[in-house]
Amino acid sequence: MSNKILSKVSLITAYTICFCLSLTGPAMAQEPIKIGFVASITGGASFLGQPEKDTALMVQEWINKEGGVKGVPVQIIIEDSKSDPSQAVLATKKLIESDKVVAIIGSSTSGESMAMAPICEAAKIPMISMAAAMQIVTPADEYKRIVGTFESPRVQRPWIFKTPQTDTSAVEAIYAFMKKKGITKVGIVTVSDGFGSSGRNELKRMAPKYDINLVADEVYGPKDADMTAQLTKIKTSGAQAVINWSVGPTQVIVTKNWKALAMGMPLYQSHGFGSKQNIELAGGSAEGVIAPLGRLVAWNKLLTTHPQYKVLSRYATEYVKRTKAEVSTFGGHGYDAIYMTIDALKAVGPDKTKVRDFLENNIKNWPGTGGVFNMSAADHTGLDLNAFEMIQVEKGDWALAK
Amino acid sequence: MGKNNYLKLLVMAAVIAVVPLIVSGDYHLSILVFMGINCMVVVGLSLLMGYAGQISLGHAAFFGIGAYSTGVLTTHFGLSIYSAFVCGILFSSLVAVIIGIPALRLKGHYLAIATLGIGEIIYIIFNEMVDLTGGPSGLSNIPAFHIGGYPFTHSIQYYYLVWGTLWVILWFSLNLIHSRVGRALKAMHGSEVAASAMGINLSAYKIQVFVLSAVYASIAGSIYAHFVSFIAPNNFALMNSIMFILMGVVGGLHNIFGAIMGAALMTFLPEYLRVFKEFDILIYGAILLAILLFMPEGFLEGIPMLYRKYFKRGDA
Amino acid sequence: MDLQSQIIQYLATGLTLGSIYAMVGLGFTIIYNATGIINLAQGEFVMFGGLIMVFFTTTLGLPMFVSFFITLALTTAIGMIYELLFIRHPSKKKAPMMTLLIITVAVSIFFRGIAMFIWGKDPYSLPHFSSAKPIIIGGAAILPQVFWILGLSLLAVILMNLFFNRTITGKAMSACSVNRVAASLVGIDASKMVLLSFALSATLGALAGASITPIALMEYDRGPMLALKGFCAAVLGGLGFGTGAVVAGFLLGLIESFTTGFISSGFKDATALIILILVLFIKPSGIFGSADVGKIKKI
């Protein structure tokens with residue numbers, strides 16, 4: 001009997017202690033402006049969240065060195081969602097309630113962002129997601145309306161924005177390029193996770209707009225080791241080109257399988273391919289692969305007069321110097337989100353509603369890493385297929401595709 | 001049920017009612033909501049594994065069936081939340097019976113593998129039925145829970161919903177354990193041969209407990225869906241099934257309150273480890289290993305055992 | 001591409017995947033036979049095999065031949081440390097089967113944490129063991145690495161068979177798994193045998209990991225999926241029957257490949273699992289096992 005009471009008491013005591021400990025926090029001298037930053041730093045999407053976190057830390061330093069927002073320092077409070085929507089929800093709630101941030105940036109994946117959005121809407125706090133799905137910024141019924149068509153949405157969720165290009169734009173960039181080359185029959189192979197299935201939806205939805213006929217539609221899992229069987233099927237389907245939609249090692253495996261099979265048709269990758277590491281890991285089989293990439297990847301091939309050149313060159317060189325890692329488009333999404341927020345804060349001050357209005361109305365011809373942004377009430381992404389450059393792998397490096 | 005258990009239930013009810021007065025804020029209450037949801041599933045597992053001596057390595061599938069049933073029925077078909085909940089429970093029970101009848105004839109490792117395989121198959125179904133479930137991209141915009149037309153807007157409402165339901169589940173389960181059914185289960189766990197020699201219909205009891213644990217998981221999943229408003233197949237995969245079992249084992253499977261302790265600990269720990277940023281996974285794994293190695297009977301029994309071992313020297 | 005070439009292509013893919021599953025399944029079986037434990041951290045041995053080889057070959061620049069054997073040795077050491085630290089103590093205290101199973105899960109999480117700490121979350125590649133140029137056989141393009149994978153796996157199986165059936169230590173291990181008490185009565189040190197079983201399992205996993213990395217890359221969290229499939233192979237072949245696990249592993253790989261090719265890629269994993277479930281419901285001792293063989297637990 002006493003053992004049981006002991007355990008009950010110990011539970012309640014431990015519990016209470018834990019809570020009290022988690023409720024304490026340091027008091028700050030001058031109240032900085034706080035921005036909440038949720039990213040998938042660990043877990044399955046950490047390849048997104050890690051560069052985003054590194055970018056946030058770097059940008060925070062820059063901003064404060066340059067005087068913060070009108071002299072007030074900026075504090076970016078970074079939380080790890082562990083690639084889990086429930087954790088993203090908890091992190092968001094903590095940032096809103098305990099840390100009292102003025103805006104939320106995050107998270108790295110579409111699923112987590114979808115879970116976070118209703119919370120930010122209810123709390124009337126602007127949220128800039130670093131994930132790509134159209135559904136993040138588009139209300140459900142508007143999304144349902146356009147699903148069978150190749151239209152763009154006309155209504156957006158008032159408090160939610162995002163900085164990555166929608167995969168629709170990447171798909172359109174590929175299809176427009178293919179149409180110019182006279183390709184009409186295409187085989188697609190996609191990974192069965194959020195990124196892949198969203199890409200697959202868009203590939204199917206947009207094909208009629210560019211007179212493209214999908215003659216094969218294969219899938220594979222994120223941890224699969226060999227996609228030769230799927231590619232063999234595409235080889236026999238009469239396709240003139242094959243499109244792979246995934247991020248992570250499977251992009252490289254598909255590339256290697258494609259080369260080994262001598263498929264006799266070009267391989268197009270998604271905008272997730274934009275990392276030199278993929279070319280290296282593919283060990284030579286990536287020659288000739290074409291992908292729609294954000295200009296961050298090949299920034300040094302741009303003219304210095306390009307509107308994005310200044311932003312890209314500074315971010316790329318500093319990021320590489322600081323992290324000794326390759327520059328990442330995902331980190332770039334974080335960069336764009338933070339700087340948009342900073343511009344808003346500098347213009348209208350730490351008022352959530354005013355920041356939201358600024359984001360919707362005043363981000364015009366805004367050069368970021370992802371492209372030149374034009375936000376509006378009907379478009380909380382601000383980018384279209386021109387945010388991409390069609391890039392081809394040539395002699396182990398990026399080159400503009402012909 | 002025994003005076004002891006009535007007392008515990010009463011204390012628990014008091015604690016449940018009082019905690020929101022100490023702990024305020026949507027964030028902290030949200031942690032408690034997740035804890036309660038996990039507890040529900042683990043209580044069912046405790047009955048199945050601790051008392052009836054069976055194994056299920058695929059229980060996240062039932063959690064998922066509850067979540068997807070209510071999610072799909074409310075978003076795609078506009079059903080009311082209550083009807084959707086009930087449908088979820090019915091559907092989970094049906095699946096549990098269909099799986100249970102052949103699977104529960106297996107024992108030990110084979111049962112574990114069968115449940116693991118079935119859990120995986122259900123996960124694949126969630127992933128592939130894109131038109132219904134949204135596939136890997138998930139199902140979003142699941143409406144908030146509501147009572148009489150008033151939707152829940154704050155975690156505290158979900159808190160009472162979850163912990164109130166959990167309390168009822170506990171009351172029901174404790175009653176079950178101390179009834180003829182419970183004694184039959186314990187007999188079964190002790191020796192199936194002896195139990196069936198005494199006239200206990202093994203398969204009937206096994207299936208009943210299996211279905212009951214599936215129903216608990218289903219209810220938990222349904223509440224989860226409405227609380228987070230977004231679900232994806234990733235939340236209902238093998239790792240999640242294993243996490244639930246981990247919660248049960250860490251807390252102690254042979255005692256229902258152990259289930260609560262385990263769920264509480266493991267929901268809590270990641271939040272507390274947030275401060276360690278990336279190292280938290282390593283520390284998490286290390287803590288789990290420590291508990292499993294030094295307190296194999298679980299935390300609930302383990303703490304008093306350690307106390308006795310180290311502090312009460314010279315005891316008989 | 002005509003039907004014959006397709007079939008040969010799918011055959012090659014199936015056998016490639018199959019040999020990995022076979023190695024994992026065999027590893028499961030060896031530990032199960034010696035201890036009765038199902039080691040859900042089996043996939044992590046494969047992962048370590050790949051990543052450690054990457055370290056010695058790419059980072060340190062050693063010749064592949066040398067790093068291959070160092071990798072096997074190191075991963076074997078990891079397997080032994082695993083047993084000594086995490087299995088010995090609970091086994092002695094007669095922890096229930098479920099707890100031991102969960103311990104292996106916790107170790108899997110822990111190993112992944114360590115791998116992530118050392119190598120990060122990035123994927124890594126290895127150069128092909130010989131040439132990277134595909135060989136054309138009957139219209140199908142097959143990489144030379146595939147033959148390495150198949151060859152090494154078959155060699156491993158043959159060596160295991162010889163070990164368990166022809167050497168004293170191997171027979172001692174078999175004796176241990178049949179009846180531990182009787183084995184110790186004739187002077188066999190049961191705990192040494194348990195240690196050895198973990199060591200051998202780890203070696204097999206490392207072999208699989210090192211040989212598949214040139215084709216499929218390797219990263220810190222590849223383990224669980226491989227463990228699941230290898231586990232299925234072990235059960236399909238009859239839990240406790242090593243050669244059965246190997247054959248079932250190859251079968252599983254072929255089923256996956258041909259399902260992708262001729263039915264649908266979406267359901268390839270489901271097909272293998274459904275077959276597993278059906279086998280369990282109809283004949284739990286597996287395709288090649290029988291109730292007696294299951295009890296005998298032989299390789």
Side-chain angles (χ1 to χ4, degrees), chain A residues 40-51 83 189-192 197 200 216-238 248-264 275 277-278 280-285 325-326, chain C residues 1-3 5-10 12-14 16-17 20-21 43 113 116 120-128 132-136 140-143 145-146 212-226 228-229 253 256-262 264-269:
Chain A
S40 318
I41 303 172
T42 57
S46 58
F47 67 98
L48 299 169
Q50 188 60 47
S83 310
V189 61
T190 61
V191 69
S192 61
S197 71
R200 179 170 171 263
D217 176 8
E218 299 300 317
V219 295
Y220 54 89
K223 293 287 151 204
D224 282 1
D226 190 291
M227 276 61 95
T228 310
Q230 286 90 333
L231 289 174
T232 306
K233 241 173 132 177
I234 294 181
K235 193 172 174 182
T236 57
S237 67
T250 47
Q251 295 174 95
V252 179
I253 301 176
V254 168
T255 309
K256 289 171 121 175
N257 294 156
W258 164 76
K259 184 69 191 288
L261 264 184
M263 282 182 75
S275 160
Q277 195 197 35
N278 289 330
E280 281 158 26
L281 286 173
S285 33
E326 211 192 314
Chain C
M1 206 177 173
D2 62 25
L3 191 63
S5 323
Q6 280 179 61
I7 292 181
I8 299 178
Q9 195 73 62
Y10 296 137
T13 306
T16 310
L17 293 171
I20 308 300
Y21 302 153
M116 188 175 71
K121 300 120 187 164
D122 296 324
Y124 292 88
S125 182
L126 277 176
H128 289 238
K133 198 160 133 62
I135 307 172
I136 310 292
I142 304 178
L143 288 168
Q145 188 69 21
V146 170
I212 194 85
T213 303
I215 300 186
L217 312 182
M218 189 54 70
E219 21 155 34
Y220 79 110
D221 65 350
R222 221 34 112 66
M225 201 61 210
L226 291 172
L228 179 63
K229 300 236 172 103
E256 250 189 63
S257 179
F258 280 97
T259 307
T260 307
F262 292 118
S264 146
S265 40
F267 285 103
K268 63 172 168 67
D269 291 334

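Everything quoted here is computed from the prediction, not taken from an experiment. Chain letters run A, B, ... following the sequence lines, proteins first and then strands; every chain starts at 1.
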A.B. asks: Does this structure show an ion pair linking C/Glu219 with A/Lys223, if we count only N-O contacts that are shorter than 4.0 Å?
C.D. replies: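 A/Lys223 and C/Glu219: salt-bridged.
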A.B. asks: When rounded to the nearest 0.5 angstrom, what is the spacing between OG in C/Ser265 and CD in A/Glu218?
C.D. replies: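 With rounding to 0.5 Å, OG (C/Ser265) is 3.5 Å from CD (A/Glu218).
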A.B. asks: Looking at CD of C/Gln9 and OG1 of A/Thr232, how far apart are the two atoms once the value is rounded to the nearest 0.5 Å?
C.D. replies: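 Here the rounded value is 4.0 Å.
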A.B. asks: To the nearest 0.5 Å, tell me how far A/Thr228 OG1 sits from C/Leu143 CG.
C.D. replies: 7.5 Å
A.B. asks: Where does C/Phe258 contact chain A at under 4.5 Å (heavy atoms): side chain, backbone, both or neither?
C.D. replies: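 No part of C/Phe258 comes within 4.5 Å of chain A.
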A.B. asks: Which atoms form the tightest heavy-atom contact between A/Ala225 and C/Ala216, and what is the distance?
C.D. replies: O-CB, 3.2 Å
A.B. asks: If you round to the nearest 0.5 Å, how far is CG of A/Asp224 from CD of C/Glu256?
C.D. replies: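 Answer rounded to 0.5 Å: 6.5 Å.
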A.B. asks: To the nearest 0.5 angstrom, please state how far the OG atom of C/Ser125 sits from the CG atom of A/Asn278.
C.D. replies: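 If I round to the nearest 0.5 Å, the distance is 11.5 Å.
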A.B. asks: What pair of heavy atoms forms the shortest contact from C/Ile215 to A/Lys256, and how long is it?
C.D. replies: O-CD, 3.8 Å
A.B. asks: Counting only non-hydrogen atoms closer than 4.5 Å, does C/Phe267 touch chain A with its backbone (N, CA, C, O), its side chain (CB onward), both, or neither?
C.D. replies: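 For C/Phe267, there is no contact with chain A at all, as no heavy atom is under 4.5 Å.
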A.B. asks: Does any backbone or side-chain atom of C/Lys268 lie under 4.5 Å from a heavy atom of chain A? Answer side chain, backbone, both or neither.
C.D. replies: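 Just the side chain, heavy atoms under 4.5 Å.
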A.B. asks: A side-chain contact here means heavy atoms from C-beta on lying under 4.5 Å apart; do A/Val252 and C/Pro123 qualify?
C.D. replies: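 No, side chains not in contact.
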A.B. asks: Less than 4.5 Å apart, side chain to side chain, heavy atoms only: is that true for A/Phe47 and C/Asp122?
C.D. replies: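 A side-chain contact is absent here, since even the closest heavy-atom pair is not under 4.5 Å.
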A.B. asks: Go through the atoms of C/Pro214 and report whether side chain, backbone, both or neither lie under 4.5 Å from a heavy atom of chain A.
C.D. replies: backbone
A.B. asks: Enter the distance from A/Thr236:OG1 to C/Leu3:CG here, rounded to the nearest 0.5 Å.
C.D. replies: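 It is 9.5 Å, given to the nearest 0.5 Å.
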A.B. asks: Give, as side chain, backbone, both or neither, the part of A/Glu280 having an atom under 4.5 angstrom from any heavy atom of chain C.
C.D. replies: neither
A.B. asks: Given that the side chain runs from C-beta out, which part of A/Ala260 has a heavy atom under 4.5 Å from chain C: side chain, backbone, both or neither?
C.D. replies: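 Both the backbone and the side chain of A/Ala260 come within 4.5 Å of chain C.
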A.B. asks: For C/Thr260, does its backbone N or O pair with a side-chain atom of A/Lys233 as donor and acceptor, under 3.5 Å?
C.D. replies: yes
